[in-house]
Colleague: 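Got a structure for you, written out below as structure tokens; questions coming shortly.
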Amino acid sequence: MEDYGGKTTSISLLEESPVSVGTGSRASTVQTLANIVVSIVGTGVLGLPFAFRIAGWLAGSIGVMVAGLASYYCMLLLVKCRDKLASEEENDGDSDTDSPNTKTYGDLGYESMGTTGRFIAESLIFIAQCGGSVAYLVFIGQNLQSVSKGHLTFSYYILLLVPIEIGLSWIRSLSSLAPFSIFADICNVLAMGIVIKEDVQQALNGEFSFNDRTAITSNISGLPFAAGMAVFCFEGFGMTLALEGSMRDKTTFPKLLARAFSVITLLYVLFGFFGYMAYGDETKDIVTLNLPRNWWALAVQIGMCLGLIFTFPIMVHPINEIIEGRLKNNKWFQKADNNNGSYSTTRIGKFGKYVSRAILVIGLAVLASFVPAFSVFASFVGSTVCALISFVLPSIFHLKLLGSSLNFWQRALDWFILSCGVLFAAYGTYNTIVGV
């Protein structure tokens with residue numbers, strides 16, 4: 001983990017992507033575009049139809065577009081802040097100590113607000129990563145419960161996964177699990193295709209009327225709930241600087257990011273709209289639970305679960321690195337190792353790594369077993385840590401680092417986003433806890 005005294009060691013979640021090391025190995029435009037899509041699109045998209053049911057198809061569509069536009073703008077703010085710091089270092093002759101490509105989210109927090117800023121930024125990203133991991137487990141548990149026709153509660157399925165996930169978390173090479181991530185994404189696309197197919201069939205058969213679907217909900221509390229889900233779907237800020245830093249031609253990143261967000265936002269709107277139109281008030285918090293019980297739909301659900309089971313270790317890997325970084329600096333472990341080798345190679349170090357990873361999986365599984373529903377948890381994460389990471393902190397960093405060079409309207413926009421982010425986090429959290 002990064003040292004809170006201001007000197008960076010490393011956090012894999014926040015640091016430069018490995019593909020960017022070395023000029024010859026920098027990512028192409030197509031590779032960066034693929035990485036942007038992978039880092040943003042996840043299982044949260046399957047909760048969008050439910051969000052549209054809560055907010056209404058028109059309010060949901062507008063909410064997703066606003067969330068996408070705001071997320072895109074704030075991602076660019078992070079890049080501008082890093083460019084500002086890089087130019088200052090070049091002018092001071094300190095560019096060798098910390099190249100522009102190694103500036104992290106935590107670094108921006110430190111430069112803006114000192115050690116407190118670094119602590120806040122990295123703590124929020126740590127919590128967000130834990131939240132995403134819990135969402136994985138809840139998603140798997142609810143789908144397995146649906147496949148088995150409810151013979152066991154989803155909590156039991158989550159706990160049954162614990163030994164498997166502990167064993168997978170002990171695998172040294174995560175690259176061997178990468179194909180399962182692609183497999184899970186393929187299953188997500190298939191699930192989205194089946195939902196759209198069901199919608200088209202129902203429309204052709206005249207099984208629903210467009211007038212029966214709500215455009216804007218009369219329940220005001222449903223709007224921030226749906227907005228929290230939308231923000232959760234766009235979360236990818238931890239990888240913004242790494243993605244930009246990995247490009248061969250960084251000047252094209254804003255346009256490339258704009259194109260990616262345009263396509264992703266359009267797909268989110270269409271999928272949320274079609275999913276809600278297909279099932280109406282019967283839309284469940286994970287739309288795959290609405291799929292017909294035929295062999296094709298069941299195969300897709302099982303495929304998604306298997307894919308996520310094997311990609312869960314990748315999801316928790318950054319959390320493990322943060323925890324293990326702290327253990328490495330712990331005086332007790334240093335004394336136990338007697339300075340004989342590094343933490344990762346000594347017997348005490350290996351034992352501590354295995355134990356910490358097992359405890360993490362158990363803790364996340366226990367937390368997931370108490371989550372009432374996927375949509376509720378996703379909205380809660382989106383309304384709290386994701387909103388703070390996505391909107392509040394980038395605005396603060398931009399005002400702190402570039403405030404003197406900004407005109408009135410730029411500062412006003414930053415303050416507007418900052419205020420809206422804080423209010424959204426507070427009100428959205430309240431509504432998620434109280435219930436829609």
Colleague: Measuring from atom OG of Ser155 to atom CG of Leu137, what distance do you get when rounded to the nearest 0.5 angstrom?
Modeller: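 Going from OG on Ser155 over to CG on Leu137, the span is 11.0 Å.
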Colleague: Taking the side chain as every heavy atom from C-beta outward, state whether Pro313 and Trp170 have any pair of such atoms under 4.5 Å apart.
Modeller: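 No, too far: nothing below the 4.5 Å cut-off.
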Colleague: Applying side chain to side chain contact (heavy atoms under 4.5 Å, CB included) to Leu418 and Phe391, what does each step give before you reach the verdict?
Modeller: CA-CA 6 Å; Leu418 172 60; Phe391 309 130; over 6 Å; no
Colleague: Using side-chain heavy atoms (C-beta onward) and a distance below 4.5 Å, is Leu85 in contact with Asp107?
Modeller: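 A side-chain contact is absent here, since even the closest heavy-atom pair is not under 4.5 Å.
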Colleague: Could you check whether any side-chain heavy atom of Ile309 comes within less than 4.5 Å of a side-chain heavy atom of Tyr136, counting everything from C-beta outward?
Modeller: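 In short, these two side chains do not touch, never coming nearer than 4.5 Å.
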Colleague: Verify, without hydrogens or angle tests, whether Asn290 (side chain) and Glu282 (backbone) share a donor-acceptor contact under 3.5 angstrom.
Modeller: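 Answer holds: yes.
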Colleague: Does the ring centre of Phe232 sit less than 6.0 Å away from the ring centre of Phe380?
Modeller: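 No, the ring centres sit 6.0 Å or more apart.
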Colleague: Examine distances only and state if a side-chain atom of Arg53 and a backbone atom of Thr283 form a donor-acceptor pair shorter than 3.5 Å.
Modeller: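 Answer holds: yes.
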Colleague: Side-chain contact, heavy-atom cut-off 4.5 Å: Leu168 with Phe312?
Modeller: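 No; the side chains remain at least 4.5 Å from each other.
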Colleague: Are Ile125 and Tyr105 close enough that some pair of their side-chain heavy atoms sits under 4.5 Å apart?
Modeller: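 Yes - at least one pair of side-chain heavy atoms lies under 4.5 Å apart.
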Colleague: Measuring from atom OG of Ser71 to atom CG of Leu257, what distance do you get when rounded to the nearest 0.5 angstrom?
Modeller: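 The OG atom of Ser71 sits 10.0 Å away from the CG atom of Leu257.
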Colleague: Which value, rounded to the nearest 0.5 Å, describes the distance between Leu289 atom CG and Gln301 atom CD?
Modeller: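 Between Leu289 CG and Gln301 CD, I get 6.5 Å after rounding to 0.5 Å.
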Colleague: Looking at Thr265 and Phe261, would you say the former's side chain and the latter's main chain have a donor-acceptor pair under 3.5 Å?
Modeller: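 Present.
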Colleague: Step by step, would you call Phe397 with Leu402 a side chain to side chain contact (heavy atoms under 4.5 Å, CB included)?
Modeller: CA-CA 8 Å; Phe397 297 164; Leu402 287 88; over 6 Å; no
Colleague: Minimum heavy-atom separation for Met113 to Leu393, with atom names?
Modeller: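 Looking at all heavy atoms of both residues, the shortest contact is CE-CD2, 4.4 Å.
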Colleague: To check you understand the geometry: which heavy-atom pair defines the closest contact between Leu77 and Pro394, and what is its length?
Modeller: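 Heavy atoms only, the tightest pair is CD1-O, 4.0 Å.
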Colleague: Please give me the minimum heavy-atom distance between Gly131 and Phe377, naming the atom from each residue.
Modeller: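 Between these two residues, the closest heavy atoms are O-CE2, 3.1 Å.
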Colleague: Quick check: closest heavy atoms across Phe424 and Gly382, and the distance to 0.1 Å?
Modeller: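 That would be CE2-O, 4.0 Å.
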Colleague: Whether Lys250 and Asp83 form a salt bridge (side-chain N of Lys/Arg under 4.0 Å from carboxylate O of Asp/Glu) is what I want to check.
Modeller: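 Salt bridge: no.
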Colleague: Can you confirm whether Thr217 sits close enough to Ile54 that some side-chain heavy atom of one is under 4.5 Å from a side-chain heavy atom of the other?
Modeller: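 Not touching, per the 4.5 Å side-chain cut-off.
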Colleague: Using every non-hydrogen atom in the two residues, find where Ala55 and Gly60 come nearest and quote the distance to one decimal.
Modeller: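 Of all heavy-atom pairs spanning Ala55 and Gly60, the closest is CB-N, 4.1 Å.
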Colleague: Just verifying a value: how many Å separate Lys84 NZ and Glu111 CD, rounded to the nearest 0.5 Å?
Modeller: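 Answer for the NZ-CD pair, Lys84 versus Glu111, is 11.5 Å.
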Colleague: Evaluate the side chain to side chain contact (heavy atoms under 4.5 Å, CB included) criterion for residues Phe273 and Leu48: first the C-alpha distance (whole Å), next the side-chain angles of each, then the deciding distance (0.1 Å), finally the verdict.
Modeller: CA-CA 8 Å; Phe273 177 82; Leu48 280 178; over 6 Å; no
Colleague: Could you check Phe52 against Ser61 for side chain to side chain contact (heavy atoms under 4.5 Å, CB included), going step by step and ending with a plain yes or no?
Modeller: CA-CA 8 Å; Phe52 276 52; Ser61 300; 3.4 Å; yes
Colleague: Are the side chains of Ser383 and Val231 in contact, using a 4.5 Å heavy-atom criterion?
Modeller: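 Val231 does not reach Ser383 side chain to side chain.
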Colleague: Report yes or no: do Ser356 and Asn320 form a side-chain donor-acceptor pair below 3.5 Å?
Modeller: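 Ser356 vs Asn320: no donor-acceptor pair found between side chains.
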Colleague: So, using side-chain contact (heavy atoms from CB on, under 4.5 Å) as the criterion, who are the partners of Ala215 when residues are at least two apart?
Modeller: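 Testing Ala215 for side-chain contact (heavy atoms from CB on, under 4.5 Å), a comparison that skips the adjacent residues, returns Trp57, Leu58.
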Colleague: On a heavy-atom basis, which atom in Gly106 and which in Ala121 lie closest, and how many Å separate them?
Modeller: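 Here Gly106 and Ala121 meet closest at CA-CB, 4.4 Å.
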Colleague: Rounded to the nearest 0.5 Å, what's the gap from CD1 on Ile286 to CG on Leu46? Could you check?
Modeller: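 Spacing of CD1 (Ile286) from CG (Leu46) equals 7.5 Å.
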Colleague: Name all residues meeting the ring pair (Phe, Tyr, Trp, His ring centres under 6.0 Å) criterion together with Phe374; count only those two or more places apart in sequence or in a different chain, and write none if there are none.
Modeller: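 Phe374: ring pair (Phe, Tyr, Trp, His ring centres under 6.0 Å) contacts with Phe139.
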Colleague: Between OG of Ser395 and CD1 of Ile417, what distance do you get to the nearest 0.5 Å?
Modeller: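 Rounded to the nearest 0.5 Å, the OG-CD1 separation comes to 5.0 Å.
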Colleague: Between Tyr157 and Ser148, do the side chains contain a donor N or O and an acceptor N or O under 3.5 Å apart?
Modeller: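 Distance-only check passes for Ser148 and Tyr157.
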Colleague: Are the side chains of Cys233 and Tyr268 in touch, meaning some heavy atoms are under 4.5 Å apart?
Modeller: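 Yes, close enough: below the 4.5 Å cut-off.
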Colleague: Between Ser146 and Gln142, is there a donor-acceptor pair closer than 3.5 Å when you use the side chain of the first and the backbone of the second?
Modeller: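 No; zero donor-acceptor contacts below 3.5 Å.
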Colleague: When you measure from the side chain of Ser369 to the backbone of Val366, do you find a donor-acceptor pair of N or O atoms at a distance under 3.5 Å?
Modeller: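 Looks like yes, one N/O pair under 3.5 Å.
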Colleague: Counting the benzene-type ring for Trp, do Phe50 and Tyr276 have ring centres under 6.0 Å apart?
Modeller: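 No, ring centres 6.0 Å or more apart.
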